[in-house]
Amino acid sequence: MNLRQIIRAVQRELQVDIDGYAGPQTWEAIYRRVVPAATDQQTTASNLPSLFTGRVDERSESKIAMLLPEVQPYARALVTKATGMGITTKVISGTRTYAEQDALYEQGRSKPGKIVTKARGGYSNHNFGIAFDVGIFDGPKYIAESPAYKAVGIIGIDLGLAWGGNWTTMQDEPHFELRPNWAAKLSESDMLAELRSRKESGKAIYA
């Protein structure tokens with residue numbers, strides 16, 4: 001199934017004009033379908049762990065296993081809901097060590113490739129088990145860029161996740177994270193400083 005077919009399938013399910021293009025009518029219908037679920041007691045963040053304890057696809061599970069237990073049900077919920085809407089979604093990146101983050105940072109700088117992060121080790125939420133990236137697939141083929149990432153972003157926000165597509169600089173539509181409650185009023189840099197401190201001291205991230 002290619003991207004146009006995916007969009008048509010979504011449009012058919014939403015009962016809007018079926019043209020294979022994700023225009024304003026389609027996005028409005030997606031919004032109306034997804035956002036009201038936030039008021040449904042069965043899909044509130046407080047009981048996500050009990051709703052999404054089952055496994056998803058193996059590729060996603062290998063990355064979900066790297067996340068903190070508090071984050072894992074959110075990742076499974078996102079994959080389940082997006083795939084249920086006809087957007088085949090998998091978790092393709094989870095927790096990284098500081099060394100892995102440094103190596104990724106060097107891509108497009110001292111190493112070949114495209115710059116994909118502005119964060120060194122210890123300055124990415126991926127280093128603390130609270131963030132993950134997803135990919136959209138057409139069968140076995142990974143689709144790096146697609147309007148469907150915005151639809152998945154809406155689903156993630158509805159679940160209570162922060163979405164990289166809302167960042168004002170270097171937007172990252174595949175990126176999602178579960179910010180701790182104690183970080184609600186903190187800047188990103190202050191939150192990361194506290195995350196580093198907690199990691200070094202062994203204090204629980206979500207305590």
Side-chain angles (χ1 to χ4, degrees), residues 43-83 89-107 115-137 142 149 152-167 169-207:
T43 57
T44 57
S46 63
N47 62 15
L48 271 173
S50 63
L51 283 172
F52 294 95
T53 54
R55 294 173 64 85
V56 289
D57 65 278
E58 291 303 316
R59 177 167 183 172
S60 293
E61 285 295 337
S62 68
K63 301 302 181 182
I64 291 172
M66 302 162 60
L67 302 172
L68 290 179
E70 294 88 345
V71 186
Q72 292 180 11
Y74 288 84
R76 292 189 178 100
L78 184 62
V79 170
T80 301
K81 283 179 170 288
T83 301
T89 305
K90 300 180 181 181
V91 178
I92 60 174
S93 180
T95 303
R96 305 183 194 120
T97 65
Y98 285 10
E100 289 170 335
Q101 186 68 35
D102 283 335
L104 192 63
Y105 177 82
E106 292 305 323
Q107 181 177 314
I115 290 178
V116 294
T117 182
K118 60 180 180 179
R120 296 180 182 272
Y123 291 83
S124 167
N125 289 316
H126 282 280
N127 299 147
F128 307 100
I130 70 171
F132 60 92
D133 295 336
V134 303
I136 291 173
F137 289 78
Y142 166 64
Y149 279 101
V152 180
I154 292 172
I155 296 170
I157 292 170
D158 182 51
L159 290 171
L161 294 165
W163 178 45
N166 281 336
W167 293 349
T169 59
M170 200 171 182
Q171 291 183 343
D172 188 358
E173 291 186 346
H175 179 94
F176 295 88
E177 58 190 53
L178 182 65
R179 291 175 67 94
N181 288 335
W182 52 258
K185 296 184 179 180
L186 294 184
S187 66
E188 186 72 9
S189 61
D190 287 343
M191 182 181 76
L192 284 165
E194 177 63 19
L195 287 171
R196 290 192 297 273
S197 174
R198 289 181 179 229
K199 184 178 179 69
E200 293 165 6
S201 65
K203 184 177 180 180
I205 297 298
Y206 289 101

[X] [atom1] to [Y] [atom2] distance, which is reported to the nearest 0.5 Å:
X: N125; Y: I130; atom1: CG; atom2: CD1; value: 4.0 Å
X: Y74; Y: F132; atom1: OH; atom2: CZ; value: 10.5 Å
X: K185; Y: S187; atom1: NZ; atom2: OG; value: 14.0 Å
X: K63; Y: I92; atom1: NZ; atom2: CD1; value: 9.0 Å
X: E173; Y: D133; atom1: CD; atom2: CG; value: 12.0 Å
X: K118; Y: Y105; atom1: NZ; atom2: OH; value: 11.0 Å

Tell me whether the guanidinium CZ or amine NZ of K90 lies under 6.0 angstrom from the six-membered ring centre of F137 and within 45° of its axis.
-> yes
Search all heavy atoms of [X] against all heavy atoms of [Y] and return the closest pair with its distance.
X: Y149; Y: V134; answer: CE2-O, 3.8 Å
X: N127; Y: R120; answer: OD1-O, 4.0 Å
X: R96; Y: S124; answer: NH1-OG, 4.0 Å

Are any of the side-chain nitrogens in R55 or E58 under 4.0 Å away from the carboxylate oxygens of its partner?
-> yes
Would a 4.5 Å heavy-atom cut-off, applied to side chains only, mark [X] and [Y] as touching?
X: H126; Y: M66; value: no
X: M170; Y: I115; value: yes
X: L195; Y: L192; value: yes
X: Y206; Y: V71; value: yes

Decide yes or no on salt bridge (charged side-chain N to carboxylate O under 4.0 Å, His left out) for D57 and R76, but give the supporting numbers first.
-> CA-CA 9 Å; D57 65 278; R76 292 189 178 100; over 6 Å; no
Whether R198 side chain and A207 backbone form a donor-acceptor pair below 3.5 Å | yes
Of all residues at least two apart in sequence or in a different chain, which pass the ring pair (Phe, Tyr, Trp, His ring centres under 6.0 Å) check with W167?
-> H175
